[in-house]
Protein chains: 2
Amino acid sequence: MTQAAFFVLTALADEPRHGYGILREVEELSDGAVQLRVGTLYGVLDRLTADGLIVLDREEVQQGRLRRYYRLTDEGMRALDAEAERMAAGASAAKQRIAEGRKAGGTPPVTGPGLAGGLA
Amino acid sequence: MTQAAFFVLTALADEPRHGYGILREVEELSDGAVQLRVGTLYGVLDRLTADGLIVLDREEVQQGRLRRYYRLTDEGMRALDAEAERMAAGASAAKQRIAEGRKAGGTPPVTGPGLAGGLA
DNA sequence: ACTGAATATATCGGCTGCCGATATATTCTG
DNA sequence: CAGAATATATCGGCAGCCGATATATTCAGT
């Protein structure tokens, strides 16, 4: 699963949203760190739909503008959960190894004086 | 940062390793979940070197076979730490939203046994 | 002695996927 | 009336992953 797909699924995890709403939601939930681009979105949406992870929930016309809402399927929910698990495990493994690298004696991998503070 | 790059950095976080060793290490540390391919590795290694996140540590000839060891730079360590932080945050956000989606009343996004059959 | 697997390096082409640019249309703000 | 925001969608370039391929040595099995 790509990063973009993961964040789209995450944005849809609590409630159905439309494309533009997903864009804003991803930016918000990641605190501005992840910027999902418009050009990326629809490709991801199509792929996730083809994979059965999301479905078109409904179409609304709000103030003259079409809103196409998507929601997670059961499979999408499961996939997101599994991916979140993998990511947490990966992040945890990385942190642990950073700590191991620091305490290791022999040939410390470029651990300078200014580093310790930033890595906690 | 791509997934492949992240896992290469993670594999190098505790001590310097050579290409083939990284391959095996990534598979091991991810419990077989991540399979870094040979064709992917050297491109990643080149890119990480160009970005200054890793450097060639040394070259050894062990039993007639060349071993090219890489290690993290300070910048690489910082980048890995930051990426691990982002991943943990993303995983956490996803988990939280999954929980929110489940407890939410009105239009539950495909949660529960009753919906399971009908959603496709 | 020979074969195949493992170890170890590296390259190349195809395919997938991200993103900037672009297009269209309505509403709201200045 | 112009520009920004909302909202959709497509297209082409480029980056990056991966299977296939090439080369060379060591080790285990027959």
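In what follows, every chain begins at residue 1, and chains take the letters A, B, ... in the order their sequences are listed.
Separating the CE atom of B/M1 from the P atom of C/dC18 is a distance of 17 Å, rounded to the nearest angstrom. Rounded to whole angstrom, the span from the CD atom of A/E60 across to the C1' atom of C/dT26 amounts to 17 Å. To the nearest angstrom, P of C/dT16 lies 16 Å from CG of A/L48. The separation between A/R17 atom CZ and D/dT8 atom P is 13 Å, rounded to whole Å. D/dC18 atom P lies 13 Å from atom CD of B/E27, rounded to whole Å. Rounded to an integer number of Å, the gap from CG of A/L41 to P of D/dT8 is 8 Å.
For B/E59, the side-chain contact (heavy atoms from CB on, under 4.5 Å) test picks out B/L56, B/L66, B/R68, with sequence neighbours left out. Listed by chain and residue number, B/H18 satisfy the ring pair (Phe, Tyr, Trp, His ring centres under 6.0 Å) test with B/Y69 (two or more places apart in sequence, or in another chain). Scored by the side-chain contact (heavy atoms from CB on, under 4.5 Å) test, A/T40 finds A/A4, A/L36, A/R37, A/V44 as partners (sequence neighbours excluded). Judged as a side-chain hydrogen bond (donor to acceptor under 3.5 Å, both in side chains), and not counting sequence neighbours, the contacts of B/Q62 are B/R67.
For residues 77-87 of chain A, every residue pair satisfying the salt bridge (Lys or Arg N to Asp or Glu O under 4.0 Å) rule, not counting sequence neighbours, is listed here: A/E83-A/R86, A/E85-B/K95. Here ring-ring contact (aromatic ring centres under 6.0 Å, His included) pairs that include residues 20-43 of chain B, with residues two or more places apart or in two chains, number zero. Every pair passing salt bridge (Lys or Arg N to Asp or Glu O under 4.0 Å) that includes a residue from residues 21-34 of chain A is listed here, sequence neighbours excluded: A/R17-A/E25, A/E25-B/R97. For residues 43-66 of chain B, the set of pairs meeting the ring-ring contact (aromatic ring centres under 6.0 Å, His included) definition, not counting sequence neighbours, is empty. Sorted by first and then second residue, the ring-ring contact (aromatic ring centres under 6.0 Å, His included) pairs with a member in residues 44-68 of chain B form an empty list; sequence neighbours excluded.
Remark: A/E100 CD to B/E15 CD distance equals 9.0 Å, nearest 0.5 Å.
Of the two residues contacting DNA chain D, namely B/G64 and A/Y69, the nearest-nucleotide position lying further toward the 5' end is that of A/Y69. In this structure, A/D46 and B/G43 both approach DNA chain D, and ranking their closest nucleotides by distance from the 5' end singles out A/D46.
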Dump the pairs, protein N or O against N or O of nucleotides 11-16 of chain D, anything under 3.5 Å, distances to one decimal.
residue, atom, partner, partner atom, Å
D/dG16, OP2, B/R47, NE, 3.3

Please produce a list of atom pairs where a protein N or O lies less than 3.5 Å from an N or O of nucleotides 6-8 of chain C.
residue, atom, partner, partner atom, Å
C/dT7, OP2, B/Y20, OH, 2.8
C/dT7, O2, B/R65, NE, 3.1
C/dA8, OP1, B/R67, NE, 2.6
C/dA8, OP1, B/R67, NH2, 2.3
C/dA8, OP2, B/H18, NE2, 3.4
C/dA8, OP2, B/R24, NH2, 3.4
C/dA8, O3', B/L66, O, 3.2

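Using a 4.0 Å cutoff on non-hydrogen atoms, the parts of residues 30-37 of chain A near DNA chain C are A/R37, ordered by number.
The two atoms that bring B/F7 and B/S30 nearest to each other are CE2-CB, 4.3 Å, heavy atoms only.
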